[in-house]
Amino acid sequence: MDKTYQPQQIEASWYQTWEKNGYFRPSGRGEPYCIMIPPPNVTGSLHMGHGFQQSIMDAMTRYQRMLGKNTLWQVGTDHAGIATQMVVERQLHAQNLSKSDLGRDRFVDKVWKWKEHSGNTITRQMRRLGVSVDWDRERFTMDEGLSRAVAEVFIRLYEEGLIYRGKRLVNWDPKLHTAISDLEVINEEENGSFWYFRYPLVDGARTTDGKTYVVIATTRPETMLGDTALAVNPEDERYRSLIGKQVELPLCNRQIPIIADDYVAPEFGTGCVKITPAHDYNDYEIGTRHGLAMINILTDEAAINDDAPAAYQGMDRFEARKQIVSDMEAAGLLEKIEAHRLKVPRGDRSGEVIEPYLTNQWYVAIEELAKPAIAAVENGDIEFVPKNWENTYFSWMRDIQDWCISRQLWWGHRIPAWYDENGTIYVGHDADEVRQKNALPADLPLRQDPDVLDTWFSSALWTFSTLGWPDDTEELKTFHPTDVLVTGFDIIFFWVARMIMMTLKFTGQIPFRKVYITGLIRDSEGQKMSKSKGNILDPIDLIDGIDIDSLLAKQTDSMMQPQLAEKIDKATRKHFPEGIVAHGTDALRYTFYSLASTGRDINFDMGRIEGFRNFCNKIWNAARYVLMNTEDKGCSKPDSPEYYSQADRWIHSRFQTTLQAVHEGMASYRLDLVSQAIYEFFWNEYCDWYLELSKPVLWDEEASANQKNATRYMLLNILEQSLRLAHPFLPFITEEIWQKVAPLLGIKGESIMLQAYPDNDESVINPTVDAEIDWVKGVIEAVRNIRGEMNISPAKAVPVLLCKGDEQDQAFLSNNRQFLIKLAKLESIDWLDNPEQAPMSSTQLFNKMEVLVPMADLIDISAEKERLGKEIDKLQAEIKRLKGKIGNKKFADNAPAEVVDKEKAKLQNAENSLVQLQEQLEKIQQV
RNA sequence: AGGCGCGUAGCUCAGUUGGUUAGAGCGCUACCUUGACAUGGUAGAGGUCACCAGUUCGAAUCUGGUCGUGCCUACCA
């Protein structure tokens with residue numbers, strides 16, 4: 001084995017071996033366990049969020065697989081309608097082409113080609129992470145089987161009246177030319193204006209204060225071209241007399257009525273609102289209530305259309321806005337302009353300002369589907385982890401709006417609906433079926449709906465469509481409902497909620513039992529990672545490393561503004577002055593686990609990943625030590641347990657304690673606790689103490705062959721079990737080492753990933769042995785403390801005396817003499833029966849026992865005084881605190897007896913220690 | 001406007017039904033190349049647990065409030 005851990009060398013080949021040998025496939029034996037991967041965008045690339053969630057899913061999957069479950073981790077990708085179509089359109093644009101130049105079929109062809117070309121990027125990157133998904137079952141949301149499921153669901157919902165087509169206001173993206181759902185609209189506060197316009201009253205009407213006009217305030221002046229009324233609150237005295245009167249709509253040569261509606265808030269703006277039913281959701285409601293005309297004034301591009309006054313036709317909406325304000329001003333109808341913060345709706349993909357727009361769209365009537373989905377979480381069939389996300393889920397589900405599922409795109413599942421010349425709708429799998437079902441003549445022209453479905457419509461079916469639904473497959477019977485969904489809170493509404501609704505509706509089952517919601521990975525300063533901020537960390541760069549120049553190039557890649565690029569350049573150089581060194585997959589994964597606490601957001605800190613790379617190195621070198629001492633030496637299971645040292649028994653005990661902690665952590669989805677338990681066990685117990693404790697046995701002339709063999713066996717045995725313990729989290733390094741270690745124990749197996757998880761054996765958990773090794777550690781640490789504080793060279797062997805302890809201390813000494821001598825580097829260690837005879841010494845207490853290092857020529861008296869003084873100060877503070885507490889009558893009366901006793905014992909100990917240290921100090925001062 | 005989080009060492013974070021001397025990693029200080037490992041070892045320094053009040057014998061932990069901060073949902077033109 002190499003002297004240092006080189007991840008790139010060991011990670012390269014193992015994945016191929018695992019995949020090639022089909023180890024990821026369900027074993028077909030045992031209780032089923034299934035996780036459905038949230039399908040990433042097929043043309044995307046792996047980001048930190050994927051890395052985080054997939055690492056978690058892989059740990060769960062490998063863990064369950066090793067526990068003997070029949071494990072399926074279903075993999076696949078999503079066609080991501082809008083995102084993918086945009087990418088291909090951009091490519092066309094670069095060649096001065098548009099999608100209409102190609103036509104629908106050729107364009108869709110092109111998208112498929114792009115998918116074939118780039119679709120491997122993310123799956124290749126996933127392999128680098130070590131994910132044990134079943135690639136043989138890889139699915140794509142637009143493959144044949146899933147498309148069939150999509151059509152089937154659409155048709156059944158339509159036939160039940162749960163899908164309908166309707167003309168109403170939708171969120172229209174004028175750049176992408178499609179409707180989008182409410183969830184795809186992001187409302188952010190931006191600086192805008194309030195324009196106050198005068199609308200002249202006609203027929204000589206006057207306001208109560210004698211004006212010949214009313215004033216309205218608007219944030220979108222251009223919409224006035226579609227105004228069909230003004231509205232006031234019926235209780236508003238200022239306007240009551242004007243209700244029913246007409247005003248002249250400026251610039252439009254039309255008259256519109258003043259109506260009364262409770263919706264209008266008298267105190268806001270001027271208390272008089274212009275009503276544009278075709279371009280505002282609230283106005284639409286009012287328009288419907290009052291039977292107002294709905295005048296659409298926009299084109300698909302959000303330019304002014306031909307139904308508006310000629311002067312503005314063809315203008316872009318923002319151009320028209322300027323022109324209208326200017327025209328109103330010229331006409332003396334602009335009263336004032338106020339600065340105003342307002343929420344501007346923008347498309348999450350395009351960033352474009354969204355327009356409410358009157359179109360025909362398809363909707364899912366969602367309320368009926370939502371009811372059982374709410375109940376499933378209420379009654380605990382589905383549980384969110386952490387639980388508080390259930391509130392988020394409920395609050396959205398209990399006020400859910402119908403889901404607009406049609407998109408005016410070309411890339412996606414085409415809506416399975418056909419129209420005849422009269423516009424009658426026929427829904428079915430294909431035109432032939434439609435004709436047959438509806439007894440339509442063969443020559444009746446039918447036209448398929450041009451729209452496609454929202455991407456989330458197909459993802460909503462993911463848990464069952466991937467298993468073969470609508471066929472009643474074995475997989476469906478075996479693996480559905482699935483066990484756990486691991487995902488982010490950002491798609492609870494988009495995906496989780498819709499999956500629950502659709503799955504309940506079509507399978508009668510819940511899709512999954514648990515929803516484990518992870519936090520979001522942010523940069524080290526808590527900023528969301530985004531291209532525009534130039535703070536994206538690529539998991540692959542953390543694995544392989546990247547030099548500073550390449551990193552800078554990546555971060556500023558798509559940066560349009562030079563000054564922004566400069567800023568990013570600076571920030572990147574600050575955080576990564578020398579780029580990023582290679583850390584390996586295992587270290588990255590372990591970092592993710594260590595940060596996976598309670599679903600809160602994660603600020604990714606490079607210090608963490610370095611620490612875990614070092615941990616891997618530690619494992620590597622511990623293994624080297626073990627192999628060096630066991631290879632060619634024989635290490636069979638001892639004939640009798642008596643050959644074990646106390647250290648051997650201790651590490652066995654600690655291992656089982658750790659194993660329990662791991663099981664508990666996995667059961668409660670606390671992978672941070674799991675990773676910590678393994679880390680602490682391996683580094684702080686196995687390496688720091690056990691390996692050191694093995695040396696006196698292995699290298700001691702006096703130890704018998706049987707004892708040496710027993711220790712060699714335990715070294716190997718615990719290492720081998722630890723590798724299995726850690727394998728779900730550190731798949732590569734554990735496999736690499738296990739292949740070398742297992743044969744020495746006579747274990748046969750092709751791969752660690754097919755081995756069983758370590759057996760639970762609580763019988764070896766041994767508090768007595770734990771206490772004894774704690775004693776050994778305590779004495780060694782006492783001596784080391786004296787060495788450190790007294791500046792005694794580590795090379796210098798010192799004599800040590802123990803005194804004032806009890807019989808157990810004496811017994812421990814005689815059991816562990818060779819451990820103490822070796823680990824504390826002692827010249828000698830002896831029990832002093834008569835403390836009076838103690839030579840001048842530096843003293844450290846361990847419980848009631850004194851550990852003495854005789855001063856002779858090697859101790860600096862003033863340093864020792866200082867050291868004792870420090871200890872005494874600490875004890876005095878402690879005693880004061882304890883006395884106060886115990887002296888408090890209320891404490892003695894109210895606290896449970898065991899707590900009081902514990903505090904009393906603490907005080908007793910502290911007081912004893914104080915006396916001993918003070919005696920010691922006096923002794924020294926006499927010199 | 002409602003809702004949900006968060007505020008613990010210089011930094012990133014644990015702290016499980018209230019009872020520890022409040023912990024880890026990184027960073028920092030000193031010493032050490034000792035036959036697994038300097039991606040290491042040993043010994044240390046470092047915290048008024050945001051603030052205020054309350055409940056309690058006892059609060060980082062429970063309650064109320066204040067401040068700061070992040071997010072989600074719904075929005076009055």
Side-chain angles (χ1 to χ4, degrees), chain A residues 1 3-5 182 187 194 216-220 223 231 263-265 267-276 280-283 342-343 386 388-389 391-392 395-396 399 489-490 492-493 519-520 522 524 526 528 581 583 587 591 594-595 597-629 664 668 670 672-673 676 679-680 684 687-688 691-692 695 699 781 784-789 791-795 825 874 877-878 881-882 885 888-896 898-900 902-903 906 910:
Chain A
M1 283 174 82
K3 191 173 167 185
T4 47
Y5 160 65
D182 297 344
N187 289 296
F194 241 156
I216 56 91
T218 180
T219 56
R220 295 190 297 153
T223 60
Y263 155 80
V264 181
E267 68 284 358
F268 192 83
T270 62
C272 180
V273 192
K274 65 191 265 314
I275 302 297
T276 322
D280 181 280
Y281 288 101
N282 289 308
D283 294 4
L342 77 161
K343 295 270 187 164
N388 56 307
W389 289 110
N391 295 327
T392 307
S395 67
W396 189 69
D399 187 31
F489 59 81
D490 49 335
I492 289 178
F493 306 145
L520 213 66
R522 300 167 174 281
S524 61
K528 204 166 166 172
V581 301
H583 293 93
T591 309
S594 76
L595 294 170
S597 54
T598 42
R600 77 180 211 171
D601 286 358
I602 289 153
N603 299 347
F604 195 87
D605 177 37
M606 290 302 292
R608 286 292 191 108
I609 190 171
E610 276 167 38
F612 293 119
R613 193 261 325 255
N614 297 351
F615 179 49
C616 291
N617 187 57
K618 195 75 180 172
I619 296 172
W620 185 259
N621 277 291
R624 283 180 66 223
Y625 168 83
V626 173
L627 290 171
M628 238 173 245
N629 283 286
E664 280 165 27
S668 55
R670 287 299 304 271
D672 57 326
L673 300 181
Q676 199 185 354
Y679 182 97
E680 284 176 356
N684 302 337
C687 290
D688 286 352
L691 292 195
E692 296 306 321
K695 290 174 184 175
W699 300 346
E781 279 165 351
R784 285 175 178 170
N785 175 270
I786 290 172
R787 273 184 189 281
E789 303 261 320
N791 283 319
I792 299 170
S793 159
K825 183 123 179 135
K874 249 193 231 170
E878 171 76 357
R881 192 182 63 83
L882 287 167
K885 194 168 186 178
N888 184 342
K889 193 168 179 308
K890 286 178 180 170
F891 173 72
D893 291 349
N894 293 308
E898 53 185 64
V899 173
V900 176
K902 212 169 122 189
E903 296 298 307
K906 272 196 235 166

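Reminder, nothing fancy here: chain letters follow the sequence lines and each chain counts from 1.
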*asked:* Whole angstroms only, please: what is the CG-P distance between A:L673 and B:G15?
replied: 7 Å
_Lys/Arg N to Asp/Glu carboxylate O, A:R613 vs A:E610, below 4.0 Å_ = no
*Base, sugar-phosphate alone, or nothing: which one does A:K695 contact when heavy atoms must sit under 4.0 Å apart?*
base
_Distance, nearest 0.5 Å, that separates CG of A:N684 from CD of A:E680_ = 6.0 Å
*Assign A:T219 to base, sugar-phosphate, or nothing according to its heavy-atom contacts below 4.0 angstrom with the strands shown.*
sugar-phosphate
*Taking all atoms of both residues into account, what is the closest heavy-atom pair of A:T276 and A:T223, and its distance?*
CG2-O, 3.2 Å
*Could you please name the option among B:A77, B:C37, B:G19 that lies closest to any side-chain atom of A:N617?*
B:C37
*For A:E898, report the nucleic acid contact type (base, sugar-phosphate, nothing); a contact means any heavy atom under 4.0 Å.*
nothing
*Can you figure out which of B:A77, B:A14, B:G25 approaches the side chain of A:D605 most closely?*
B:G25
*Out of B:C72, B:U21, B:G19, whichever nucleotide has its closest atom nearest the side chain of A:E878*: B:U21
*Determine if A:W699 stacks with B:G35; use a centre-to-centre distance below 5.5 Å and an interplanar angle below 30° as the criteria.*
yes
_hbond_proxy A:R784 side chain to B:U42 base (donor-acceptor, 3.5 Å cutoff)_ = no
*asked:* Could you tell me how far apart A:M606 (CE) and B:C11 (P) are, to the nearest whole angstrom?
replied: 19 Å
_Side-chain N or O of A:K618 versus OP1/OP2 of B:G41: is the shortest distance under 4.0 Å?_
yes
*Looking at every strand, decide which applies to A:C687 at a 4.0 Å heavy-atom threshold: base, sugar-phosphate, or nothing.*
base
_With a 4.0 Å limit, can you tell me whether A:N785 has a side-chain N or O closer than that to the phosphate oxygens OP1/OP2 of B:G44?_
yes
*Do A:R624 and A:K3 come within less than 4.5 Å of each other through their side chains, counting heavy atoms only?*
yes
*Taking only side-chain nitrogens and oxygens of A:K825, does any of them come within less than 4.0 Å of OP1 or OP2 of B:U42?*
no
*Nearest atoms (heavy-atom pairs only) where A:V264 meets A:V273*: CG1-CG2, 3.6 Å
_How close do A:A795 and A:K825 get, counting heavy atoms only, and between which atoms?_
O-CE, 3.2 Å
_Nearest to the side chain of A:N603, heavy atoms from C-beta on, is which of B:C13, B:G19, B:A77?_
B:C13
*Distance test, side-chain N/O of A:N621 to OP1/OP2 of B:G40, below 4.0 Å*: no
_Distance in angstrom units between A:Q676 CD and B:U16 C1', rounded_ = 13 Å
_On RNA chain B, compare the nucleotides closest to A:R670 and A:A892; which residue's is nearer the 5' end?_
A:R670
_Integer angstrom distance from the P of B:C26 to that of B:U42_ = 12 Å
_Distance check, C1' atoms only: B:C75 and B:U66, in whole angstrom units._
28 Å
*asked:* Categorize A:L691 for me: base, sugar-phosphate, or nothing, with a 4.0 angstrom heavy-atom threshold over every strand shown.
replied: base
*Any stems for RNA chain B, made of 3 or more Watson-Crick or G-U pairs in a row, each with both distances under 3.5 Å?*
B:1-7 with B:67-73, B:10-13 with B:23-26, B:28-32 with B:40-44, B:50-54 with B:62-66
_Between A:F612 and A:V899, which residue's closest nucleotide on RNA chain B lies nearer the 5′ terminus?_
A:V899
*Nucleotide nearest A:E680 when distance is taken to its side chain, options B:A24, B:A38, B:U12*: B:A24
_Side-chain N or O of A:S597 closer than 4.0 Å to phosphate OP1/OP2 of B:A14_ = yes
*Between B:C37 (P) and A:W620 (CH2): distance, integer Å*: 14 Å
*Name the nucleic acid region contacted by A:F604, choosing base, sugar-phosphate or nothing; use a 4.0 angstrom heavy-atom cut-off, strictly under.*
nothing
*Would you mind reading off the distance between A:W389 atom CH2 and B:C4 atom P, rounded to a whole angstrom?*
12 Å
_Let me confirm one number: the CG-OH distance from A:N621 to A:Y5, rounded to the nearest 0.5 Å._
12.0 Å
*asked:* Base, sugar-phosphate or nothing for A:N391? Non-hydrogen atoms, less than 4.0 Å.
replied: nothing
*Describe the nucleic acid contact of A:D893 in one word from base, sugar-phosphate, nothing, applying a heavy-atom distance below 4.0 Å.*
nothing
_Under 4.0 Å between a side-chain nitrogen and a carboxylate oxygen: does that hold for A:K695 and A:E692?_
yes
*asked:* Please give me the minimum heavy-atom distance between A:E903 and A:F891, naming the atom from each residue.
replied: CG-CZ, 3.8 Å
*Using a 4.0 Å heavy-atom cut-off across all strands, classify A:R881 as base, sugar-phosphate, or nothing.*
sugar-phosphate
*Quick one: are A:H583 and A:M606 in side-chain contact, heavy atoms under 4.5 Å?*
yes
*Under the 3.5 Å rule, do the base of B:A30 and the side chain of A:E789 count as making a donor-acceptor pair?*
no
*Could you state the atom-to-atom distance from CD1 of A:I602 to C1' of B:G5 in whole Å?*
14 Å
_Closest nucleotide among B:A36, B:A77, B:U20 to the A:K885 side chain_ = B:U20
*What nucleic acid atoms does A:Y263 come within less than 4.0 Å of, heavy atoms only: base, sugar-phosphate, or nothing?*
base
*Check every strand shown and say whether A:K906 touches a base, only sugar-phosphate, or nothing at a heavy-atom separation below 4.0 Å.*
sugar-phosphate
*Side-chain N or O of A:R608 closer than 4.0 Å to phosphate OP1/OP2 of B:A14*: no
*How would you label the contact of A:E267 with the nucleic acid (heavy atoms, under 4.0 Å): base, sugar-phosphate, or nothing?*
nothing
*To the nearest Å, give me how far apart CG (A:D672) and P (B:G23) are.*
19 Å
*When you check the phosphate oxygens OP1 and OP2 of B:C57, does a side-chain N or O of A:N894 lie under 4.0 Å from one of them?*
yes
*Whole Å only: how far is the CZ atom of A:F615 from the P atom of B:A24?*
16 Å
